Every structure is written in structure tokens, then in C-alpha cells.
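Count residues from 1 along the sequence. Here the structure is a predicted model, which is why all the values come from computation and not from measurement. Counting convention: from 1, in listed order, for ligands and their atoms alike. For the numbers below, each heavy atom of this structure counts, side chains included, while hydrogens, waters and symmetry mates do not.
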Amino acid sequence: MTRESAEELGEDDGGSVVYDLDADCTADDVEQDTPYLAEINGVVDYGVFVDLSESVSGLVHESVLEGTYRVGDELVVELEAVRDNGDIAFEPVDTDEYELESVSHDYSLTGTNRLEANVGEQIHLEGTVIQVKQTGGPTIFHVADEYGVVPCAAFEEAGVRAYPSIEIDDVIRVTGTPEYREGSVQIEVDGLSTLEGEDAEEARERIEEALDTRAEPHEVDPLIDWPAFEKLRPNLREVAKLLRRTVLEGRPIRVRHHADGDGMCAAVPVQIALERFIADVHEDADAPRHLIKRLPAKAPFYEMEDATRDLNFALEDREKHGQQLPLLLMLDNGSTAEDVPAYETLAHYDIPIAVVDHHHPDPEAVEHLLDAHVNPYLHDEDYRITTGMCCVELARMIYPDITDELRHIPAVAGLSDRSKADAMDDYLELAAEEGYDETRLQDVSEALDYAAFWLRYNSGDQLIQDLLQIDNGDDERHRELVSFFADRGREEVDEQLEAAMPHVEHEDLDNGAHLYRIDVENYAHRFTYPAPGKTTGEIHDRKIEETGDPVITVGYGPDFAVLRSDGVRLDIPQMVSELEEEVPGGGVSGGGHLVVGSIKFVKGKREEVIDALVEKMEDAEIDEALSSAAPIDD
Ligand code: MN
């Protein structure tokens, strides 16, 4: 409450002062032994009801009143008592002449954007609780307001939860002092209370409006002029807004991405853009590390193993660190029916899911489980718009300052997935301007593949960032590192193929396609680079070079087969569902792209499944238009 003291004002003119509360004043603004102007709003047998402001009302008891009163009359009163139930009693003050002095509700709040300027001084702050972490010392409430998020440390007793009634999503008022703690600003709490009723609603609305505006993605000019891509932009904007909003709300983000070149070109830029935005939003310098995790997925879909682990980590983080459950961001993965069991697992919890993918989608199977979905097939485009290309734009919408570090990435993504998009020329040119010729880009792609293989389930954050040369200055070092990895990878591919090629079996199919088969279990090294999928792909590429289209290559192990085809109109997801029926007890499952995919079956039924598979391939139409248009990832 702000007002000059009555004494001071009284001295000036010799008369008395009566205070007039502004409409938004609350009971907190009413002080004892102070006269206020009130208006009568009701007359009853036992007294009159008076209003001092919109929310401050009370009763003046008949026993202390003299004369008659009508609704609308003014009356000068002062506080008599506040009852336990919050009811207020006033009594009249005898005044003839007085001067009115208005009182404004001046609970001035300091936003999280002005904390550094107020270090060491007590401030008030209103916001939403987004995380409650109990440490061995104080309880840390992470509070989000319109401007950002700040940790507020409240101390009860070492390791004892302070303000136990306050929970995540409560709107609270914090009174405390901003202080530096390990380089970050934190508020040392003096008092903390939950806002109730209208106050809470108002604060919630104010914060909601501000966050909604702040979540708006940035408008960025496309890196290249590509009309087909622009069809995806509105959907990408939705994902960008969802992700920015998620950061502002302090919800953690878990990124799952296909562990190949395109997948990493997609996931790493988005990860870095989000980390930088998190750093802007959160006072806590450790927030980027705690709030975003990127993990590769070996399969081209979200496996139950990954989903249950992710869920388990999320629940542990909630338990241990008082975090909200995360948002799951699936990149270069996640559009197909094979993802459904994993999504359904997560659907039991509050875990929003967003997908950016370019694998042939099953929208009817997944859409209802997703909060946002970007896929070129949903706009009559195809895999040639790779996920890496999409996600570079997505990263720029989240954090535009990252643009200069990403100009070469779409070209790497396109080469990794062998995109035959017309726009590849533009992307290659864009990369060339940054000093990346096609050989160097190809090296980056191979190096990513090689590193991903050895990293296995590890995200390899710094190494992958170094290979992608994002946020990294030393050009010479990058060239050396990348060509070392790429050369190592190529040597190991050569070794693998030297052993395998003599064991490739050839067959001419009735439809005119060449069929090549290789037993990758017995005639290739196991558990070494390249994995069966890539081994099959490399054999396939060499056979196309040798013979020309159409070519189908099958690499099989005891209980799986990897398929690659060029110039043949296959529909692998369709073939898989037919085989499920035609080979009872075959345990057939799988899928992937239309012409590149993998199939699983039970060991004892291998002959039968592969024979049935070959029969289907023989029936497939030859399609010159498809020639060399197959996506590469496996
Ligand atoms: Mn891809």
C-alpha cells in the first residue's frame, strides 16, 4: 500500500484526511486506525453494509450507528475487526471536514526479467510453480512468470520440504531477495503464498497471454526457394510453437531420433536451438542440461524398449527432481503404425508427443496419439524432403540466431538419405558458399554413420556436434576429424564386402529384376561396422552399378531380412501384412519405407518366409520412374 502518513498530510493543512481506496484495492491495503471513505450498499436491521473497494466490504453494526442511512450514502469508517472467517467489521468515524486522499493497490511486482537489477533487495514476484525440487538443504521452487523462470530457495530445515502445500502448477506470490548463486540468480524466499480466487485467475491469465505470445515462433526467410517445402511450413510452425511453449513452461523435452545421418542432422540443430532458448528463459545456468535430452533410436520406429526406458526415466526425474513429465519429440522416426504400441504406453501419462518424419506414414494409426505431426507425405510430397531439411528450418524458427551455423546441414541430410530432390542443387550451393564442397559433405555423412554405429545408444553430444561442425570454429580440425572417420568407415565397408561379395547369390526374376541374396549372418562380420542393413545397402549399390536397374537385394540373418530395391514397385509394409497371414506361425513383422525396409520372423520359418517374399517380389511391377529414387536409411 502506498500513501503518505496521515500525520504528515495533517500537518500541512490542519484538516483531517480520509482515504479513498482504488477499486482494485484488497483487504491487504486496509490499515488500522485509518479513516476510509465507504459507500453503503445495503441496509439491514442490525446495521449497514459498506464497500471500500470492489473487493473490500464489511458491516457497520447498528449499535455504533446514529441516524438513518440509505443505500448509496457515503460514510467514513475505520477498521474495527477482521473475523476468523474473513468478514470485516467497520465503525464510523466522526469527521466534518476532510480532504480525500486516494490509495492505489500498489503491490509492485518484479518480473524475472529484472532480477539482476534487484540483487540484494527484497522483491515480490508472481508466477506458476513448474518444478519443486527438494535438496539436502532448501526446497527449490522453480517459478515461471511472463518473462522467464527462476529458482526460489525456501528453507525450512535441512532436507525438509518447505511450504508442503504448494505444488506444481500452483500460482504463487513470492516475497524474497534475488541473490547470485554459482553464477545464476536465485531468489532467497522470505514468504510464499498461493494466490486464490480472482487473484490467481488474473495472474494465470496474464501469464498465459504472455507465454502464448512469447511462444510464437520467429518468422524466418527460407534458406532456399522451394515451393514443395513451403507446404510443410505451417505444420513446422506448430511444432516450433509447441516446443517454445514447452520450454517456457519448464517442461523437459526428450528427443528420440533415427540414428543415421539424416536423423542427426535433424535432431542436433533442434537440440542446440532449444538449449539456447532454455538458457534465455531460465535463470538457472544448468537448465539446458536438465531439460533436454537427445537419444538415438536404432530401429526406424519407436521401440517398446526405448519407450519403457524413456517413461521410466521420466517418472524417476519426476520423483527425484520434482520435474514435470517430458514432451517427446520424435525426429526422422515416429510416423508409422509400428510406433503405436510405444505411443500407447506413453498415453497413460501426461506426455505430449510431436513428430517430424519423412518415412511413409500411417496417419490414421498415429494421428490421434500425436500433438503435432509433420511429414511430407501428408502434403503429397515424399521422403525427398528429408527430416534434416525440415528440422533446420524448425531450429531457426525456435532460435533464429543459429541460422549461420546450419547452412551446410540440409545438404548433409540430403546426401545421407540420398534425396533426389531438385532442391538438392540449391542446398549444395548453399553449403559450398560456407566452404563445403560435395566431397566434404559426403565425408560428414559417412563420418556420422560411422560414429553413430560405435556410439550405439549414446547420443555422443559433443562428438556429433563436432562432426556436424555446428558451433565450432576450427575448420582444419573439422576436415581432419571428418575425413579420418569417413575413411575408417569406408575401409571397414570394403573389408566387409570383400568377404561378403563372393557369397552373394544371383537370380533373374520373372519380372526382369535381378535378385541378389546374401546371408549376412554367415558371410559378413558380426557386431562390427557396417551393420547388416548397411552391408546389404552397399552390396545393392555395387550390383546396380554392375548391372543397372531393376535390382532387389535381400540381406538375411537367422530371424530377419533387410530389403533394398531400385526400379521395382514394392510396397514393403503391404508385403509384410500379407506374409503375416500367408505364413502362419512365421512371426512376421516389420516395415519401413515402400521400397526399403526390414522384416523379422522366427528362425524356424526363415526358408518359408523368404520364399514367399521372393514370390511377391517376382509379382511386383517394374517401374523405371522409381529408379534410383529409393530412400537410403535402413
Ligand atoms: Mn531420414
Practice item. Identify whether the distance between the nearest side-chain nitrogen and carboxylate oxygen of D401 and R276 falls below 4.0 Å. Key: no
Point to revise | N-O pairing of D443 and R479 below 4.0 Å | key: no
Review point. Mind checking whether the Mn ion (ligand 1) has an N, O or S of H358 under 2.8 Å?
Key: yes
Review point. What class does the angle between the rings of Y529 and Y450 fall in, given that below 30° is parallel, 30 to 60° is tilted and above 60° is perpendicular?
Key: perpendicular
**Study point:** Summary of side chain to side chain donor-acceptor pair (under 3.5 Å) pairs that have at least one residue in residues 515-524, sequence neighbours excluded
**Key:** E507-R517, D519-N522, E521-R526
Practice item. Tell me which N, O or S atom of D417 sits nearest to the Mn ion (ligand 1). Key: OD2
Point to revise | Angle at the Mn ion (ligand 1) (to 10°), with one arm to OD1 of D332 and the other to OD2 of D262 | key: 90°
